[in-house]
Novice: 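Sending over a structure as C-alpha cells; questions will come in a sec.
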Amino acid sequence: MNVGDRHYRTIWLNEDGRSVDIIDQRWLPHEFRIVTLRMVEDVATAIRDMWVRGAPLIGVTAAYGMAIAMAADPSDASLDATWEKLHATRPTAINLRWALDEMRRLLKPLAEDRRVSAAYSRAAEIADEDVELNRAIGENGLAIIREIAAGKKPGKPVNILTHCNAGWLATVDYGTATAPIYLAMEAGIPVHVYVDETRPRNQGAQLTAWEMAGHGVPHTLIVDNAGGHLMQRGEVDMVIVGTDRTTANGDVCNKIGTYLKALAAKDNGVPFYVALPSPTIDWTVSDGLKEIPIEERSGDEVSLVWGRTASGEIAQVRVSPDATPAGNPAFDVTPARLVTGLITERGVAEASNPGLKKLFPER
Ligand code: MRU
C-alpha cells in the first residue's frame, strides 16, 4: 500500500541481497522508520518485541530469518537452532510455525551449499504468496460488502467495525480484514470504519487508524468498550477481524477483546466475519479454548502507554499506581458458533469443520 505517494510492502530484501528491511511499527503513527535486520538475533528481537507483528507478517519475517541464518551457517544444527529460536518468539500466531516448518521441510534435504539461495527464494515466494492470498480474501469479502451496500439507502456507507490491526501492516500488503475495505473503496462503494483502539498496545489507534487515514478511508476511532453500544443503535453493519490461529473447527483466536465484540454482534444480529489466509488455519487443533497457547505479555504494556507529547517527543506515561500489578493476556478465543463466516482466499466458509473442509478438501 502507499505511504505518501510511494508504494511499500512491510518487508523486503535489502539491496545487499542478504539483510531484510522492515517498517518498524513501534514508532507509527508518529514516525515512519525503516530498520535493517542483519542477523537472526535481530529477526528474533523484531518479532518478539513487535517491531513487526500480525500473524502473516510474523510468518514471512521468520522465513527471511531462516534465510539470514542459512547465509551465516547452512548446517543442520543451525537450521534446527534457528527453528527453535524463532519459534520461541511469539506463541499464538500459527503462521510463525507454518513458515518455519515450510522452510525446514524445503531446506533439510538440500546439500548445505544449496541452502542459502533456496532459502531466500522460498522466503520471497512466501511473501509474494501472502500478497496474492490477501488480494483473493479482498475479492471474497468485497462480495459481502457489496451485498450489504445493496440493502442500504443509496449513498449511505457500510459501517464496518474492526479490532486490532489486521491491515497491510500485519501482512506483506493489503491486509486480511482490510483487503475487502480497500477493494470496496476502489469499487466506489461507500464505507466507514469504526476502529477499536485495541488496548493495551493500541494497534487500532496507532496502526489501523494510520492506514485508514493514509488511504482516505472514512473512519472513526472508538474506545474498545464502545462497540456494543454502537451495535445496539444499529450503527454497525458488519464486523471484520483478523485471526492469529483458527482451528479446524472454526474457533477463532485473535487479539484480546475480539470475543466480546463477537458476543455483542451475536446479541444484536450484526454479522461477524473473520478474514484469514489458509496458513492461519491450524488443522491439528480442534478446541481453540483448550489447545491454543495464549501469549501473556508484560504488564507494563497495560500500565504504561506510548504517545506523542505536545512538544513532539514520543514518550511513555504511566496510567496506574506504581504498586498495582497488571495482567496482560494478549489473545482470546471466539467460539465458532459466534462467527458468521470465515473469509478465505478460496471463498467464504462456514465456521465449522465441514465448512472449512468444503473449501480445503485436501486437508
Ligand atoms: O499482537 P499482534 O499485534 O501481533 O496481534 C495481531 C492480531 O491480533 C491480528 O488481528 C492478527 O494477527 C491477524 S493479522 C492479519
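Excluded from the calculations below are hydrogen atoms, water molecules and symmetry mates; all remaining heavy atoms, backbone and side chain alike, are included. Numbering of ligands and ligand atoms starts at 1, following listing order.
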Novice: Pick one of side chain, backbone, both or neither for how Ala330 approaches ligand 1, counting any non-hydrogen atom pair under 4.0 Å.
Specialist: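 Neither; nothing of Ala330 gets under 4.0 Å from ligand 1.
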Novice: Would you say Asn249 and Thr247 are linked by a side-chain donor-acceptor pair, where the criterion is simply a distance under 3.5 Å?
Specialist: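 Per modelled atom types, Thr247 and Asn249 side chains form no pair under 3.5 Å.
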Novice: Return a yes/no value for Asp244: is any of its N or O atoms, backbone included, closer than 3.5 angstrom to an N or O of ligand 1?
Specialist: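 Yes; the residue has a nitrogen or oxygen that sits under 3.5 Å from a nitrogen or oxygen of the ligand.
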Novice: Give me each pair satisfying salt bridge (Lys or Arg N to Asp or Glu O under 4.0 Å) with a member in residues 252-280, each pair once, sequence neighbours excluded.
Specialist: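 Passing the test, one end in residues 252-280: Asp196-Lys261.
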Novice: Looking only at distance, does Gln203 have an N or O less than 3.5 Å from an N or O of ligand 1?
Specialist: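 Yes.
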Novice: With the threshold set at 4.0 Å, does a side-chain nitrogen-carboxylate oxygen contact exist between Glu129 and Arg122?
Specialist: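 So Glu129 pairs with Arg122 through a salt bridge.
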Novice: Consider ligand 1: state whether an atom of it lies below 4.0 angstrom from any non-hydrogen atom of Pro56.
Specialist: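 Under 4.0 Å: yes for Pro56.
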Novice: Please work out whether any backbone atom (N, CA, C, O) or any side-chain heavy atom from C-beta onward of Cys164 is under 4.0 Å from ligand 1, and answer side chain, backbone, both or neither.
Specialist: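 Contact part for Cys164 vs ligand 1: side chain (C-beta onward).
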Novice: According to a 4.5 Å side-chain heavy-atom criterion applied to Ile, Leu, Val, Met, Phe, Trp and Tyr, with indirect links allowed, do Val60 and Trp83 form part of one hydrophobic cluster?
Specialist: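 Yes, one cluster joins them.
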Novice: At less than 4.0 angstrom from any non-hydrogen atom of Ala170, what atoms of ligand 1 do you find?
Specialist: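 In order of number, 14 (S), 15 (C).
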Novice: Have a look at ligand 1 and work out which part of Thr243, if any, has a heavy atom under 4.0 Å from it: side chain, backbone, both or neither.
Specialist: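 Just the backbone.
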Novice: Quick one: which ligand 1 atoms are inside 4.0 Å of a heavy atom on Ala55?
Specialist: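 Checking each atom against Ala55, I get 12 (O), 14 (S).
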Novice: Could an N or O of ligand 1 be found under 3.5 Å from any N or O of Thr171, whether backbone or side chain?
Specialist: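 Min N/O separation from ligand 1 is not below 3.5 Å for Thr171.
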Novice: Hey, what's the ring geometry for Trp168 with His215, parallel, tilted or perpendicular (30° and 60° as the breaks)?
Specialist: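 Because their plane-to-plane angle is over 60°, the rings of Trp168 and His215 count as perpendicular.
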Novice: Who gets closest to atom 4 (O) of ligand 1 by heavy atom: Met50, Arg90, Arg201?
Specialist: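 Closest candidate by heavy-atom distance is Arg90.
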Novice: Between Asn134 and Thr176, is any side-chain donor less than 3.5 angstrom from a side-chain acceptor?
Specialist: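 No donor-acceptor contact under 3.5 Å links the two side chains.
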Novice: Does any donor atom in the side chain of Arg53 or Asn165 lie under 3.5 Å from an acceptor atom in the other side chain?
Specialist: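 Side-chain D/A pair, Arg53 to Asn165: present.
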Novice: With no hydrogens and no angle check, just 3.5 Å: does a side-chain donor-acceptor pair link Glu313 and Ser311?
Specialist: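 Glu313 vs Ser311: no donor-acceptor pair found between side chains.
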Novice: Side chain, backbone, both or neither: which part of Asn165 comes within less than 4.0 Å of ligand 1 when only heavy atoms are counted?
Specialist: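 The answer is the backbone.
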Novice: Would you say ligand 1 has an N or O under 3.5 Å from any N or O of Phe331?
Specialist: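 No, no N or O pair falls under 3.5 Å.
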Novice: Residue-level breakdown please: for Lys255 versus ligand 1, do any non-hydrogen atoms fall below 4.0 Å on the side chain, on the backbone, on both, or on neither?
Specialist: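 Both backbone and side chain.
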